[in-house]
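Note sheet for the following structure.
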Amino acid sequence: MTSMRKMLCLILLLTITGCCLASDQPCIDLGGQCQDDSNPCSGSYHSGKCSGSASRRCCTQASDQPCIDLGGQCQDDSNPCSGSYHSGKCSGSASRRCCTQAGDQPCIDFGGNCQYDSNPCSGSYYSGKCSGSANRRCCKPAAVDVDQPCIDLEGRCQDDSNKCSGSYYSGKCTGSANRRCCKKTAVEHDTGDCSDVKIISRDSWGARRPGSTSTIHTPVPDFFIHHTDGGYCTSFSACISQMKGIQNYHMDSRKWADIGYSFLVGEDGKIYEGRGWDKVGAHTSGYNSRGLAASFMGNFATRAPNSAALNAVKKLIQCGISKGKVSQSYALFGHRDVSTSTCPGTALYNVIKTWARFKAHSP
Ligand SMILES: [Zn+2]
């Protein structure tokens with residue numbers, strides 16, 4: 001044999017070896033071995049993982065399946081493992097353990113398994129969470145994805161003490177009751193409390209969970225009128241943006257437990273739920289435990305709110321009486337009646353002076 005022929009032979013051998021080892025790699029990655037599928041296999045055969053003819057297929061051992069499901073491979077744990085070893089996932093001796101690759105951790109943390117995406121997946125495949133080739137992807141089983149109702153709403157699950165740009169929903173997320181679904185875009189929902197006036201619920205405007213609450217004794221004898229001395233609003237989107245801003249200001253700057261008022265009202269003619277009917281508010285110093293309060297969004301020193309907003313508050317008070325939250329013998333006050341403040345603005349104050357039960361008793 002000439003040295004030239006020796007060289008050619010070596011090249012040919014290397015080429016064949018390189019070729020075949022490389023294309024059996026998917027089977028090896030699966031912890032199996034390539035063999036003709038006419039041979040017995042203790043576990044199951046997998047197609048498309050081996051080089052050669054179609055009948056040369058990948059046999060994995062039955063009791064190695066838990067490791068394969070984890071996206072790992074069974075080996076003696078004296079061998080190096082780029083990720084971590086897991087016990088109880090492999091057949092054989094106690095030292096034969098399941099090695100998952102370090103690069104698969106994002107998928108495992110996500111609640112899925114890394115596998116070749118030609119395999120069936122009961123849920124969905126996600127890219128960028130597994131090591132290896134691009135078609136080795138993270139399969140997250142459908143059953144594990146119990147946040148799916150929130151995802152279907154195009155929302156995300158978060159602790160509801162956090163801000164939400166849209167609306168909050170209960171019962172769409174796993175975990176504690178405080179872990180709730182924040183949908184980016186707000187959806188208008190009425191509390192359904194009152195038949196003739198809409199009360200937009202806290203969840204609808206995306207209220208943060210209060211730091212604390214305390215229950216007020218109802219029916220209350222007093223009802224107070226305020227203005228926010230802030231921005232006006234005449235649409236749902238503008239009013240909920242006001243609501244979020246006022247709550248953030250009261251909680252973050254004033255360090256109150258929640259938005260101060262019991263209810264607010266926009267010139268869109270809708271009531272927006274603040275602390276609601278049953279909680280002590282932070283609106284009228286000295287009277288918070290004996291009164292509920294509604295605040296008109298805007299500054300009403302020189303002009304009165306429109307009739308839609310005025311009528312909504314009148315109906316809110318009547319609804320409160322019918323629900324037993326406001327005493328039938330209540331008295332109505334402006335904030336300025338019990339403080340040095342000019343609230344609720346002179347123009348608005350001049351209107352409420354004409355309303356039923358204005359100062360019906362002394363504060
Ligand atoms: Zn006030």
Side-chain angles (χ1 to χ4, degrees), residues 199-200 202 205 207 210 213-214 216 220-233 238-306 308-317 320 325-327 330-363:
I199 302 179
I200 303 301
R202 291 175 64 88
W205 63 263
T213 62
S214 87
I216 195 167
V220 295
D222 298 342
F223 200 96
F224 296 93
I225 300 295
H226 298 257
H227 69 164
T228 60
D229 196 13
Y232 302 95
C233 65
C239 289
I240 68 166
S241 156
Q242 284 294 321
M243 291 298 291
K244 290 172 200 284
I246 295 165
Q247 188 190 33
N248 291 339
Y249 173 65
H250 286 177
M251 291 178 78
D252 301 336
S253 302
R254 308 293 292 267
K255 305 290 178 197
W256 295 346
D258 193 1
I259 192 168
Y261 310 109
S262 312
F263 297 95
L264 294 91
V265 61
E267 288 184 295
D268 59 346
K270 288 168 193 147
I271 301 290
Y272 289 80
E273 186 183 25
R275 297 197 189 187
W277 297 116
D278 298 305
K279 303 286 185 275
V280 174
H283 45 79
T284 314
S285 182
Y287 298 85
N288 288 319
S289 296
R290 52 172 285 140
L292 293 172
S295 188
F296 287 78
M297 288 190 260
N299 178 299
F300 299 99
T302 58
R303 76 156 176 95
N306 67 13
L310 292 169
N311 288 333
V313 171
K314 283 184 178 174
K315 285 174 179 167
L316 176 74
I317 296 170
K325 305 298 183 184
V326 177
S327 167
Y330 77 100
L332 181 74
F333 301 99
H335 188 188
R336 62 168 64 179
D337 292 323
V338 292
S339 78
T340 55
S341 156
T342 59
C343 179
T346 300
L348 173 54
Y349 187 70
N350 287 338
V351 173
I352 64 163
K353 279 203 285 196
T354 69
W355 286 6
R357 305 205 62 78
F358 180 73
K359 286 192 181 176
H361 55 235
S362 51

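All ligand and atom numbering here is 1-based and tracks the order in the structure. Below, each value reflects all heavy atoms present in this structure, side chains not excepted, and no hydrogens, waters or symmetry copies.
Using a 4.5 Å heavy-atom threshold, the side chains of Tyr232 and Asn299 count as touching. Looking at heavy atoms from C-beta onward, Pro305 lies in side-chain contact with Leu348 at the 4.5 angstrom threshold. The shortest distance between side-chain heavy atoms of Tyr330 and Val220 does not fall below 4.5 Å.
By the criterion of a separation under 2.8 Å, the protein N/O/S atoms near the Zn ion (ligand 1) amount to His226 ND1, His335 ND1, Cys343 SG.
For the pair Arg275 and Ala282, the tightest heavy-atom approach, listed with the atom from each and the gap, is NH2-CB, 3.6 Å.
For an aromatic pair to be called close, the ring centres must be under 6.0 Å apart, and Tyr261 with Phe296 fails this.
In this structure, Cys343 has no disulfide bond (SG atoms under 2.5 Å apart) partners at least two apart in sequence or on a different chain.
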